[in-house]
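The structure appears right after this line, and notes come after that.
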Amino acid sequence: MPSPSFPRDVTDDILQFLPVKSLVRFKLVCSSWCSLISSPKFRKTHFNWAYQKPKLSTHKALLSTKSSGFMLLDPRTPFGDNGDSMVHLGFPLEREEGHLRIVGSCNGLVCLVLDGKRDFFLWNPSTGDCKKLPDACSPPGDRYVHGFGYDSSSDDYKVVLVSNYVHTRTFELGTLGHIESKVAIFSLRRNSWRIFEEPNKVIHKLFRWDYDSFPGSTFLNGAIHWVNTRTIIAFDLAKETSHQFPAPSYRPGFFKMGLGVLGGCLCLIYGCFHDPYPFELWVMKEYGVGASWMKQCSLVNPDNAYSSEEFYAPLCLCTSEDDAFILIRRRRELIRFNGRGEILENVHICNNSEKCDGIAFVESMVSPN
């Protein structure tokens with residue numbers, strides 16, 4: 001009796017609803033399945049379906065420390081006494097010694113940079129596909145910020161490297177210097193870097209902020225975002241220009257800000273070390289509209305330690321009855337809060353001398369190669 005077969009369109013529909021791990025295995029079934037699953041159209045359809053289902057286990061959080069490497073976390077799963085629910089991941093490529101810092105994530109791809117250097121990698125933690133980018137062309141300067149995102153207008157993934165430097169001119173009476181910034185952009189589609197001077201001159205305001213306090217970049221609505229003292233700096237990947245909009249108004253003494261995305265909205269955490277509830281979570285309900293900032297809640301301080309080392313960075317939202325969300329604290333501890341700012345659980349992930357990076361991502365079949 002011949003084995004049953006399904007029409008091609010039925011098979012396609014079934015495959016696009018399967019998890020990434022299954023699809024990786026099923027690429028080995030036959031050449032037609034491998035060709036289908038590897039096609040850009042299938043990858044995009046599969047990701048769009050997973051992205052719209054936040055309750056599925058396809059939504060993950062990736063953590064990185066120098067001593068422990070990479071750890072994968074399902075945000076809906078309890079941390080466990082010692083972070084037992086975290087799965088350790090090996091990085092597939094050889095590289096120089098150092099901490100691989102997380103630059104950003106988009107469509108299942110994670111951008112990494114080797115700490116203290118400008119060696120960049122694009123990695124899909126779900127499939128293991130990885131690519132070392134060509135050496136970054138070096139815009140002048142010794143202070144840098146990074147970003148990563150997707151330009152839908154050109155179907156291209158881009159890495160942004162912003163530098164700050166002193167431009168000097170020599171005259172008969174002496175030397176005059178002023179601060180300038182330049183931008184280097186890597187295009188995955190072109191597989192190359194280029195340097196240019198951003199025309200709006202907004203992005204140079206990034207360096208008015210203490211570099212060591214930068215919480216990193218956040219990608220949303222086709223733009224990479226960084227937070228300054230009182231403004232959000234956004235770099236549009238399609239137009240390759242920067243603009244700014246105001247951060248929420250805050251009381252005197254508030255500082256140490258962490259920027260992120262919760263529930264599809266830009267969010268910001270302010271820190272102040274003179275109150276019983278020293279941190280506040282604000283959400284921008286309408287993108288780019290300063291008046292739409294709304295205070296979500298005040299956050300409980302786990303140990304009442306009001307030091308300048310305190311710092312929260314938003315990581316991800318866990319869809320549940322409590323609207324729970326997870327934050328990284330002091331770059332070394334994970335804390336799960338409920339929607340009222342009360343602590344549900346917390347766990348240390350590295351020692352006090354280390355830094356931990358974290359990013360939320362959705363599992364996908366998108367490949368950097």
- Begin with the C-alpha distance, continue with both residues' side-chain angles, and end with the deciding distance and a verdict on side chain to side chain contact (heavy atoms under 4.5 Å, CB included) for His146 and Val160. CA-CA 6 Å; His146 316 100; Val160 176; over 6 Å; no

- Message: Could you go through Lys27 and Ser38, starting from their C-alpha distance and side-chain angles, then the distance that decides it, and tell me whether this counts as side chain to side chain contact (heavy atoms under 4.5 Å, CB included)?
- Response: CA-CA 8 Å; Lys27 287 174 66 175; Ser38 302; 3.4 Å; yes

- Query: Do Leu72 and Phe361 pass the side chain to side chain contact (heavy atoms under 4.5 Å, CB included) test, and can you show the C-alpha distance, the side-chain angles, and the key distance before you say yes or no?
  - Reply: CA-CA 10 Å; Leu72 194 65; Phe361 73 99; 3.6 Å; yes

- Message: Apply side chain to side chain contact (heavy atoms under 4.5 Å, CB included) to residues Phe148 and Leu112 and explain how you reach the verdict.
- Response: CA-CA 9 Å; Phe148 172 64; Leu112 308 167; over 6 Å; no

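Separation of atoms CG (Asn107) and CD (Glu363) is listed at 14.0 Å; rounding is to 0.5 Å. The OH atom of Tyr287 sits 6.0 Å away from the CG atom of Leu220 when rounded to the nearest 0.5 Å. For the atom pair Ile269 CD1 and Glu280 CD, the distance stands at 10.5 Å (nearest 0.5 Å). One finds the CD1 atom of Ile335 at 8.5 Å from the CZ atom of Phe79 (value rounded to the nearest 0.5 Å). Rounded to the nearest 0.5 Å, atoms NZ (Lys295) and CG (Leu268) are 13.0 Å apart. One distance of note links CD1 of Ile37 with SG of Cys34; it measures 7.5 Å at 0.5 Å rounding.
Of the charged side-chain nitrogens involved, at least one lies within less than 4.0 Å of a carboxylate oxygen, so that Arg194 and Glu240 count as a salt-bridged pair.
Here the side chains of Phe26 and Leu18 are in contact, with some heavy-atom distance below 4.5 Å. Glu286 places none of its side-chain heavy atoms less than 4.5 Å from the side chain of Leu266. Side-chain contact between Leu63 and Asp357 is absent, with no heavy atoms from C-beta onward closer than 4.5 Å. The side-chain heavy atoms of Val159 and Leu133, taken from C-beta on, include a pair separated by under 4.5 Å. No side-chain heavy atom of Leu122 sits under 4.5 Å from any side-chain heavy atom of Val110. Contact annotation: the side chain of Leu15 approaches that of Leu36 to within less than 4.5 Å [non-hydrogen atoms, C-beta and beyond].
For Asn124 against Ser364, the heavy-atom pair with the smallest separation is ND2-O, 3.0 Å. A pairwise comparison of heavy atoms in Ala234 and Phe245 identifies CB-CE2, 4.2 Å as the closest pair. Of all heavy-atom pairs spanning Leu315 and Gly358, the tightest one is CD1-C, 3.5 Å. Closest of all the heavy-atom pairs between Asp156 and Arg189 is OD1-N, 2.8 Å. Pro125 and Leu89 get closest at one heavy-atom pair: CB-CD1, 4.1 Å. Among all heavy-atom pairs drawn from Tyr150 and Cys106, the shortest one is CB-SG, 3.3 Å.
In this structure, the side chain of His225 engages the main chain of Ala223 through a donor-acceptor pair within 3.5 Å. When atom types are taken as modelled, the side chain of Ser64 and the backbone of Met71 share no donor-acceptor pair closer than 3.5 angstrom. Here the side chain of Arg336 pairs a donor or acceptor atom with the backbone of Pro75 at under 3.5 angstrom. Between the side chain of Ser217 and the backbone N or O of Val103, at least one donor-acceptor pair lies under 3.5 Å. When atom types are taken as modelled, the side chain of Arg43 and the backbone of Met365 share a donor-acceptor pair closer than 3.5 angstrom. The main-chain N or O of Val289 is found under 3.5 Å from a side-chain atom of Ser292 such that the two form a donor-acceptor pair. A distance-only check finds a donor-acceptor pair linking the side chain of Lys158 to the backbone of Leu237 [under 3.5 Å].
The ring of Trp226 has its center no closer than 6.0 angstrom to the ring center of Phe235. In this structure, Trp33 has its ring center no closer than 6.0 Å to that of Phe42. Aromatic rings of Phe91 and Phe121 (six-membered ring for Trp) have centroids within the 6.0 Å cut-off, being under it.
Partners of Asn191 by side chain to side chain donor-acceptor pair (under 3.5 Å), not counting sequence neighbours, listed by chain and number: Lys131. Checked against side-chain contact (heavy atoms from CB on, under 4.5 Å), Ser192 has the following partners two or more places apart in sequence or in another chain: Arg190. Among residues two or more places apart in sequence or in another chain, the side chain to side chain donor-acceptor pair (under 3.5 Å) test is passed with Thr45 by none. Residues forming a salt bridge (Lys or Arg N to Asp or Glu O under 4.0 Å) with Lys132 (at least two apart in sequence, or on another chain): Asp135. In this structure Ser153 satisfies the side chain to side chain donor-acceptor pair (under 3.5 Å) test together with Asp151, sequence neighbours excluded. With sequence neighbours excluded, no residue forms a side chain to side chain donor-acceptor pair (under 3.5 Å) with Lys21.
For the residue pair Ser367 / Asp129, a side-chain donor-acceptor distance below 3.5 Å is found, with atom types taken as modelled.
Cluster annotation: Met294 and Phe337 are assigned to distinct hydrophobic clusters (Ile/Leu/Val/Met/Phe/Trp/Tyr, side-chain heavy-atom contacts under 4.5 Å, transitive).
Cys297 pairs in a side-chain contact (heavy atoms from CB on, under 4.5 Å) with only one of the listed residues (Val283, Asn338, Leu281), which is Leu281. With Leu73 as the fixed residue, the side-chain contact (heavy atoms from CB on, under 4.5 Å) test singles out one of Val347, Leu334, Leu62, Ile349: Leu334.
Below 30°, between 30° and 60°, or above 60°: for Phe186 and Trp193 the angle between ring planes is between 30° and 60°, a tilted geometry.
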